[in-house]
There are 2 protein chains.
Amino acid sequence: MVSKQIAMTTIELKEAGLKATLPRLKILEILESSTDAQRHMSAEEVYDLLRGQDDKIGLATIYRVLTQFEAAGLVTRHNFEGGHAVFELNQGEHHDHILCVKCGRVEEFVDETIEQRQQNIAKEHGYTITDHSLTIYGICGECQAGKV
Amino acid sequence: MVSKQIAMTTIELKEAGLKATLPRLKILEILESSTDAQRHMSAEEVYDLLRGQDDKIGLATIYRVLTQFEAAGLVTRHNFEGGHAVFELNQGEHHDHILCVKCGRVEEFVDETIEQRQQNIAKEHGYTITDHSLTIYGICGECQAGKV
DNA sequence: AGGGTAATGAGAATCTTTTGCATTTGCCTA
DNA sequence: TAGGCAAATGCAAAAGATTCTCATTACCCT
């Protein structure tokens, strides 16, 4: 039921300290219902998906809301290559990304050793970590296999 | 002597398979003479430096040349946070970055353990690595010390 | 030195993201 | 539950970064 979905997202927004407005609910819904293959979406993609289901929400609002979600810790913004940022719903633990430069597929991974080393490196340089981003670019198995 | 500098950069360009034009020589010179504190420059910054020494080179050319340099392996483009790319001359070995979100300082580091783990992760996922980028964001010692 | 080709400059165009402002909506109180 | 205020939204314009177009200029080869 849509109403139950909405009810849940309303609570999430309230908990994040954000007023539960319709645009915010819709955007959060889009992010939560995204499949693995499209967990990483640009503002434009969210905009198009919402237009597709004829909830017209202004692009400016999408940007504003995603930025607020980021500040509230609900989503993470990634500056992968390509000139536009992509957003991902925060769920589960922190992870890094490996993406295919041919087909654009994005996969996630967690590596405790790397996490640990990063902490050490920051300490050695006298930094307090606020964030970090590790992205491996490569060619995925499928793309190596053939079709391009 | 400037002429010796030019002579050297000319050779570098030729070796990279690029015609040795004046704009390319000037841009390469700027990159090579940059201090550690400004090894990572945006196209706009290169443009301003060149204007400062009254070699007026169009911004479009800066972008074109930097992109060619990247393709030729002379420089690396980084998409740090902040909406604009920065370029860095390739010299010495590969390295990653740790940067201060307060003052913008960028430092470099190399960690063999992390490099190794990345290779393993790529292999586990069936990828052939073409590139990777690890950036740690934090607050440097100086900025923690005081002056916001 | 002369010519063909590739490179450059300037500005227009494009793309992504932000902002200003009038209008609307969520939420709290009476 | 209605009323009102502050916050949120939509639209259009602006801003910032990067790319493209095309006429002009500069390399490089012979």
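In this text the structure is predicted, and so the values were computed from the model without any measurement. Numbers restart at 1 for each chain; the letters A, B, ... are given by sequence-line order, proteins then strands.
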Among C:dT18, C:dT16, C:dT8, which is the nearest nucleotide to the side chain of A:H84?
-> C:dT16

Rounded to the nearest Å, what distance is computed from the CD atom of residue A:E44 to the C1' atom of nucleotide C:dT18?
-> 14 Å

Mind calculating the distance between CG (A:L22) and P (C:dT24) to the nearest angstrom?
-> 16 Å

To the nearest Å, give me how far apart CD1 (A:I62) and P (C:dT19) are.
-> 17 Å

Taking the nucleotide of DNA chain D with the closest heavy atom to each, which residue, B:A43 or A:P23, is nearer the 5' end?
-> A:P23

A:K26 NZ to D:dT9 C1', straight-line distance once rounded to whole Å | 16 Å

Under 4.0 Å: is that the gap between some side-chain N or O of B:T21 and OP1 or OP2 of C:dT8?
-> yes

A:Y47 OH to C:dT17 P, straight-line distance once rounded to whole Å | 14 Å

Given C:dT18, D:dC28, C:dT17, which nucleotide is nearest the side-chain atoms of A:L59?
-> C:dT17

Consider the side chain of A:Y63, meaning its heavy atoms from C-beta on, and name the nucleotide among D:dA17, C:dA7, C:dT18 that approaches it most closely.
-> C:dT18

Counting side-chain heavy atoms from CB outward, which of C:dC27, D:dA12, C:dA6 is closest to A:K19?
-> C:dC27

For B:H132 and B:E115, does a side-chain donor sit closer than 3.5 Å to a side-chain acceptor?
-> yes

Please check the phosphate of D:dT9 (OP1 and OP2 only) for any side-chain N or O of A:R64 closer than 4.0 Å.
-> no

When you measure from the side chain of B:N90 to the backbone N and O of B:G73, does any donor-acceptor pair fall under 3.5 Å?
-> yes

Please state how far atom CG in A:D55 lies from atom C1' in D:dG10, giving the value in whole angstrom units.
-> 15 Å

Between atom CD1 in A:I57 and atom P in C:dT25, what is the gap in whole Å?
-> 13 Å

Can a donor-acceptor pair be found between the side chains of B:T67 and B:R77 at a distance below 3.5 Å?
-> yes

B:V65 side chain, from C-beta outward: closest of D:dA17, D:dG10, C:dT8 = C:dT8

How long is the line joining CG of B:N79 and C1' of D:dA17, in whole Å?
-> 12 Å

May I ask you to check whether A:Q144 and B:T128 show a side-chain donor-acceptor distance below 3.5 Å?
-> yes

Before giving the answer on side chain to side chain contact (heavy atoms under 4.5 Å, CB included), spell out for B:Y127 and A:I136 the whole-Å C-alpha distance, their side-chain angles and the decisive distance to 0.1 Å.
-> CA-CA 9 Å; B:Y127 280 63; A:I136 299 176; over 6 Å; no

Under 4.0 angstrom, heavy atoms only, what part of the nucleic acid is B:A85 near: base, sugar-phosphate, or nothing?
-> sugar-phosphate

